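Some notes on the structure that comes next.
Just so you know, ligand 1 is whichever comes first in the structure, and atom 1 is the first atom listed for that ligand. Note that the coordinates shown come from a computational prediction; the quantities given were computed from them, not determined experimentally.
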Amino acid sequence: MRHIILTSILIFSVTIGLAQNPVIIPPVLSGTNFNLNIQSGTQSFYPGTNTPTYGINGPFLAPTLIVNKGDSITLNVTNNLNISTTIHWHGMHVAPQNDGGPHQIISPSTTWSPSFKVRNNAATYWYHPHGDGKTDLHVSKGIAGFLIVKDSAEAAITLPRTYGVDDFPLVVQTKAFDVLTQIAIATEDDTALFVNGTLNPYLNVPAQVVRLRLLNGSSMRTYQFGFSSNMSFKIIGGDGGLLDSSITADRIRMSPGERYEILVDLQGMTGQTFFLRNFGSELPIGIYGSSAVGIGADTIPYYSLNFRNGADYDVLQLVVGPPLPNGVTTIPTSLISDTAWNISSVNTNRTFYLNADSMNHRAEGPFNINGDKFDMGSIDVTTYLNNVEIWKWVNNTLIAHPIHIHDMHFYILSINGNPPPAHESGRKDVVLVLPGDSIEFITRFETFSDAMVPYMYHCHLLHHEDDGMMGSFLVLDTLSSSIQVIKNSSLYLKAFPNPSKEEWNITGTSKYPINTITLFDITGRVVTSLPEITNFNEINLQVSNNRLSKGIYVLQLENGESVQSIRLIKN
Ligand code: C2O
Ligand code: CU
């Protein structure tokens with residue numbers, strides 16, 4: 001099903017000329033109540049063609065949401081498509097039922113309305129669909145928007161922050177088109193380059209300090225950004241917030257899902273033009289976007305035919321106009337103070353091996369994590385509220401995978417035993433793990449627990465994610481869910497151990513004889529009918545679970561007067 005249509009793409013690619021389209025600056029929605037209408041539409045990307053697209057509140061892409069830390073917001077997401085989808089708030093610290101992962105399905109003609117308090121620090125986040133096996137298609141067809149969080153720590157620093165004037169959101173994406181100019185996925189033909197949904201874009205910027213909020217919203221491609229003039233810039237923030245201090249750089253590598261905020265000093269440059277450029281020739285092999293992925297025959301078919309791979313090319317033209325009154329003229333050195341969790345508080349270490357399903361397809365995939373493919377009904381990792389953990393990622397494949405964890409941010413502790421570069425040492429939610437690399441990060445599972453609804457971790461190469469390179473984790477509250485007690489009833493139950501690998505012991509009391517005991521899976525299907533137990537006022541059951549697959553189950557007991565259920569987790 002891959003590698004459909006090389007020739008048509010090459011025709012389009014040679015038509016790419018000079019920057020000729022003003023880059024679209026997505027409209028802003030702000031406040032605390034947001035109405036987001038997912039819809040289909042068409043765009044004429046190339047003369048004489050019509051491409052079916054998806055968008056939010058418009059035919060393509062989505063508005064920028066600007067919210068304040070501490071505000072309680074409601075997002076009414078209406079699905080006007082004729083297929084189900086989901087919307088995930090990438091990087092936001094929210095309860096699992098508000099996360100918009102594959103379990104929060106929005107059926108056609110329905111509205112999903114998560115409400116939550118904004119707890120994140122000021123930074124650039126984004127939102128995009130996350131349906132089971134459908135992420136690449138829905139994102140590629142156009143659904144992706146910025147979510148900008150503001151807070152008082154950021155507001156206290158002199159920084160450009162006038163949206164669309166000196167503070168610009170820029171999402172860079174490559175897309176593939178098939179012979180009918182429909183957006184195609186699962187090909188290596190992503191030759192069309194968009195910034196904010198604009199082909200051949202230019203941006204008018206004032207001759208002062210400007211802020212670029214860069215997001216790599218591509219399905220597969222990593223970029224090595226810099227400027228055509230090789231001028232340096234300052235990195236001020238990453239995925240989860242501002243850095244401690246600004247960092248001088250002339251390149252920044254960004255894998256899918258990653259965000260960086262940079263400041264560029266354009267003072268004295270009125271009348272000049274230059275380009276944000278991708279220096280793809282500098283990317284190490286193994287990264288999608290570099291000159292090669294794989295070794296010998298174990299490679300991605302047709303990869304080398306995509307002219308963007310391993311190449312240097314312009315991404316966005318910057319046209320410098322006169323400075324504005326009161327424009328920012330300085331670049332701060334120190335920004336915020338932010339410290340990682342202490343290693344001494346770590347209570348769990350886990351290792352995740354990134355593997356190919358087959359040893360002959362270590363570049364092309366499909367891939368898995370610790371031998372497991374994503375399964376909607378099962379839980380891969382169970383952790384506890386307030387656990388501080390080190391997660392280690394080992395890449396046994398021949399392609400680099402950007403690993404993303406939902407809800408929590410992390411700090412990279414080491415990359416092959418060495419500390420991360422300064423700009424990667426802040427709060428992050430995506431980290432690129434190169435072939436052969438071993439990366440450790442520290443994280444803490446704060447604020448939210450839920451015994452039923454999991455969060456996701458996955459590769460943010462959307463084709464890999466859709467193929468199952470994703471796992472789920474539950475955050476349990478040790479006080480309320482490992483031993484669940486149902487009080488004020490004629491029936492009283494608890495279970496231990498829970499989660500368990502082998503068996504659950506269910507104990508409790510019942511005023512009346514138990515009539516029925518039923519075990520359900522997460523979809524409500526009866527798994528097993530257990531024998532009837534009579535005249536037991538003291539309940540004492542051993543439920544062997546070693547033939548059950550991993551996941552969440554519900555055991556229901558009924559004593560004629562009362563029905564009680566207890567959630568059981570099989571590890
Ligand atoms: Cu940006 Cu789980 O995704
Ligand atoms: Cu991957």
Modelled atom types, side-chain donor and acceptor of S115 and T74, under 3.5 Å: yes

Side chains of N416 and S438, donor plus acceptor under 3.5 Å: no

Distance under 6.0 Å and angle within 45° of ring axis: R211 vs F168: no

Tell me if the centroids of the rings in [X] and [Y] come within less than 6.0 Å of each other.
{"X": "H409", "Y": "H93", "answer": "no"}
{"X": "F448", "Y": "Y455", "answer": "no"}
{"X": "Y303", "Y": "Y288", "answer": "yes"}
{"X": "F441", "Y": "W341", "answer": "no"}
{"X": "H464", "Y": "H458", "answer": "no"}
{"X": "F279", "Y": "Y223", "answer": "no"}

Distance criterion under 2.8 Å: protein N/O/S atoms around atom 2 (Cu) of ligand 1: 3

Under-2.8 Å neighbours of the Cu ion (ligand 2), protein N/O/S atoms only: 3

